[in-house]
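Reminder, nothing fancy here: chain letters follow the sequence lines and each chain counts from 1.
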Amino acid sequence: MIDRSGTPLVELNNISLSFGGVKAVDDVSVDLYPGEVVGLLGHNGAGKSTLIKCLSGAYQKDEGEIRINGEVAKINNPRDARGYNVETIYQTLALADNLDAASNLFLGRELVNAVGLVDDAAMEAETRKIMGRLNPNFQKFSSPVKALSGGQRQSVAIARAVYFNAKVLIMDEPTAALGPQETQMVAELIQELRKQGLGIFLIDHDVHAVKELCDRAAVMKNGALVGTVDVDAVSTDDILAMIIAGKKPEHLAA
Amino acid sequence: MSDATAEPKGKSPRGTVFAALEIDTRLLGMIGAFAVICLLFNVWTDGRFLTPRNIFNLTIQTVSVAIMATGMVFVIVTRHIDLSVGALLATCSAVMAMTQTQFLPNLFGLGLGHPLTPWLTIIVGLITGAVIGAFHGYLVGFLAIPAFIVTLGGLLVWRNVAWFLTNGQTIGPLDTTFQKLGGINGTLGETGSWILGILCVLAALYGLWSARRAKIRHGFPAKPVWAEAVMAAIVAGSILSFVGILNAYQIPSRRLAKMFEAQGEVMPEGFTTGYGVPLSVLILIAVAIIMTIVATKTRLGRYIFATGGNPDAAELSGIDTRMLTVKVFAIVGILCAISAVVASARLTFHSNDIGTLDELRVIAAAVIGGTALAGGVGTIYGAILGALIMQSLQSGMAMVGVDAPYQNIVVGIVLVLAVLVDGIYRKRAGAD
C-alpha cells in the first residue's frame, strides 16, 4: 500500500487553462505521493495532456497552484520544471532527429569540459552506461536518432527522463508506439522506478494497462475531473463508465 | 554531425577503406566535383587555370562570400533564411568608409594612416553588423515575423541606408593598413606563410591526436593507426601544398622595386619573393575554425542544430529558441561586417554597389555545401567549399571567355543540380 499520510510529492490544485475561450482544463485537482503511479485517463481531448503540460512547463496554467513537496512551485517553462526534478516523456518523444542518442539525452544539460566546450566523449560514455541498464541491445550510439526503431527512440526518451535523478516522472502514452516485448520492458521500468520512490503520472488509453500498473486512476472528461479512484476498488468496467459517461461508479460515489 | 559513422556500411573493399578513414563521403564528393571543375578549366584554358597566380586570385575572390556563408549555415540550419547579407555588407562597408574618412578625422582628428584608424573603424563596423543582425533576430524570434520577410525588408532597407550614408558616392581611398586586409595588398610573405603552414599542421595533428585519445580513454572503437596516419598525411600535405602554391606566386619585380623604394632601400639585383598567404585568407581560416568549434563543440552550436532538427523538442528541453534566433542573426551580422572589411579593402574603396547579389551567392554556397533548407543539417567546411566551387565556376568561365549571361545561367543550373544530387545522395545513404 502507498503511504498517503505525509506530504504529497505533487499537488495540482484547481488548475484551469483556456485556449481562446475553450476551457481545456477546468478546475482540476490531482495529487501524487512518492512511490505512487497515478494514471490519467480520458478520451482524446479530455485535457489529460494539457493538464500535465502545465506541470512539465510546456504550457502555463491560467489559474490554480502547483505544489511540489508541499511548497508552491513556479513553473513557467520546461527548464523550471526540470529544476524541480520533474521529467517528462512526451508522446512525440521530443527528440531532435538529426542528433545522436547522447546529444539528445543531454540536450539542454550538456556535459562540458574545463574550457566550457561540450564533452561528447563523456556524454557518450554516460549514455552507454544508462542504455546498458535500460536497453542492453542498444548499439547505435553514433547514428542520428532518426535512424533508430520506435522502441530504440523510446528508450532514448526514457533514458533522458530517468538519467537526471527525476523525482516526478510524467509519461505521456509511453507504450503507444511499442511492440509487446518493449511494452513489457516499460512496465518493468515503471515498477522499478516506483520502488525507488519516484512519483509517476502515466497517461494512457489502455484501461487494462492502467489497472495493472497504477495505484490510482484520475479520469477526465471535457476538461473536468470526473474523479480519482483506487484501481483496486473498481473494475475495468467502472473505469470505462467513468471515461464514457463521466460519472463516478455508484458504490464509490457515496 | 554529418561525420561518417564508425560502422562500415558498404561491404566493398573501397567502402571499408573510407569507413576506416572516417571521411565523410559527401565531403569527398564535393572535393571530387571541385577537382573536376578545376581540371576541366585547366585543360580548357591551356593550363592557365591552375597557375599560382590564378589560384591566388581565386582564393581572395572567395573569401568575402565564404565568410558570410559560414554564418548562413547557422541561419539555414535553424530553418530560417537571410536575404539581407549583401545589403548588410554594404551598410557595414559604408559605415566603416565614413568612419575612417569623415567621423574619425572630423571628430577626433585621427586621419587616414593614423595607427588607431583601421582598428577603431573595424570595431565600429563589427558593432554595426552585430546590432543590425541582432535586430533582425529579434524581429524573427520574439515578434515571430518570418525571416524571409524580415530579411527581404532588410535587403531593401540596408542597401539604401548604405546609399544614404554615402550619398551614393564612392568613398576612397581607404586607410592603407585597412587595405592590407583585402587580399593582394597584405600578404604574409614566404617565411611567414611557411610558419603559418607549419603551425596549422601542428594544430591539425594535435586535433587528430586528442580526438583519438578521448576515444581510447572512454573505451570507444578508434580508427586503426594506419588510418590515422593516412589522415594526418592528407591534412598536412594539403595545408603545406596550399601554402607552397601561394608562395609560388611571385611579386612582379616592378612592384617589388617600389616596395623597396617606399622603405628607402634599393632592391638587390635578381631579388624575387612570393606573395604568400593573404591576410584575408588568414581571416577566413580563423572564422572557419571558430565557427566550426561553435557548431560542433559548444552548447550554442548544439542548440542551433537541435532547434533545426526539431524546434519543439528544443523548446521542451529548456532551450530558449527565441534568444537563440537573436544570437544566430547577430553572428551573421558580425560575419557580414568582417566580409565588408575584406570586400572594401580589396577594392581599396567603398562603392555603392558593393555586395550586390551577394545574398544569393552566399545562400547558394551554403546549399551547394550541403546545408539542407529543411533545417538541422549543414557544415561550415561544406559552405566554404561551396563558395570556392561557385567562384571557380564563375572565374573559370570568365577566363574561357563565356559571356556574362551564360555564366549566370550555368551557375543557376549548377545550384539546382547540386541540391538534386544531394537529395538523391541522402536518400541512398539512408538516414545519415
Side-chain angles (χ1 to χ4, degrees), chain A residues 53 56-59 76-83 87-100 102-113 115-129 139-149 156-157 160 164 172, chain B residues 1-7 9 19 22 77-79 210-222 292-324 372 374-378 426 429-432:
Chain A
K53 279 181 177 171
S56 70
Y59 292 150
N76 292 321
N77 55 49
R79 197 185 286 266
D80 293 346
R82 287 178 162 194
E87 297 285 338
T88 311
I89 300 163
Y90 291 96
Q91 199 175 354
T92 57
L93 302 185
L95 298 173
D97 279 336
N98 53 335
L99 303 183
D100 60 17
S103 301
N104 269 292
L105 203 153
F106 286 93
L107 190 56
R109 293 180 282 208
E110 288 75 10
L111 301 179
V112 292
N113 60 19
V115 286
L117 300 178
V118 294
D119 192 341
D120 284 308
M123 290 196 285
E124 186 175 334
E126 288 298 303
T127 306
R128 280 175 189 266
K129 266 188 226 158
Q139 287 304 330
K140 291 185 167 178
F141 289 98
S142 49
S143 318
V145 296
K146 75 177 154 207
L148 307 182
S149 71
V156 174
R160 174 166 65 180
F164 294 94
D172 195 347
Chain B
M1 244 106 288
S2 58
D3 291 352
T5 54
E7 301 108 327
K9 278 178 189 151
E22 293 184 29
V77 162
T78 52
R79 304 189 180 187
S210 63
R212 182 181 175 80
R213 202 184 43 169
K215 277 188 177 173
I216 290 172
R217 193 175 58 219
H218 289 283
F220 303 158
T292 303
I293 290 174
V294 170
T296 59
K297 287 280 156 210
T298 66
R299 288 188 164 172
L300 176 66
R302 191 58 48 89
Y303 297 167
I304 286 170
F305 281 88
T307 303
N310 186 346
D312 295 332
E315 191 105 39
L316 292 173
S317 301
I319 296 169
D320 188 345
T321 51
R322 295 187 295 181
M323 200 58 208
L324 188 76
V377 179
R426 275 179 215 274
D432 196 43

- Message: I need the residue from A/G57, A/A96, A/G116 with the largest number of non-hydrogen atom pairs under 4.5 Å to chain B.
- Response: A/A96
- Top contributor to chain B interface from A/N77, A/D97, A/D120 [non-hydrogen pairs under 4.5 Å]: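 Sorted descending by pairs with chain B, the first entry is A/D120.
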Tell me, for [X] versus chain B, whether the close heavy atoms (under 4.5 Å) come from the side chain, the backbone, both or neither.
X: A/R128; result: side chain
X: A/L95; result: backbone
X: A/A122; result: both

- Item | Residues which pass ring-ring contact (aromatic ring centres under 6.0 Å, His included) with A/F106, listed by chain and number, not counting sequence neighbours | A/Y163, A/F164
- Results of ring-ring contact (aromatic ring centres under 6.0 Å, His included) for A/Y90 - residues two or more places apart only: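 ring-ring contact (aromatic ring centres under 6.0 Å, His included) list for A/Y90, sorted by chain: empty.
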- Item | Validation row: B/L324, B/L300 side chains within 4.5 angstrom (heavy atoms) |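 B/L324 reaches B/L300 side chain to side chain.
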- Task: Please tell me if the side chains of A/E126 and A/L105 come closer than 4.5 Å, counting only heavy atoms from C-beta onward.
- Result: no
- Query: Salt bridge check: are A/R109 and A/E87 linked by an N-O gap of less than 4.0 Å?
  - Reply: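 Result for this pair is yes, salt bridge flagged.
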- Output the option from B/A313, B/G309, B/S317 having the highest count of non-hydrogen pairs under 4.5 Å with chain A. B/S317
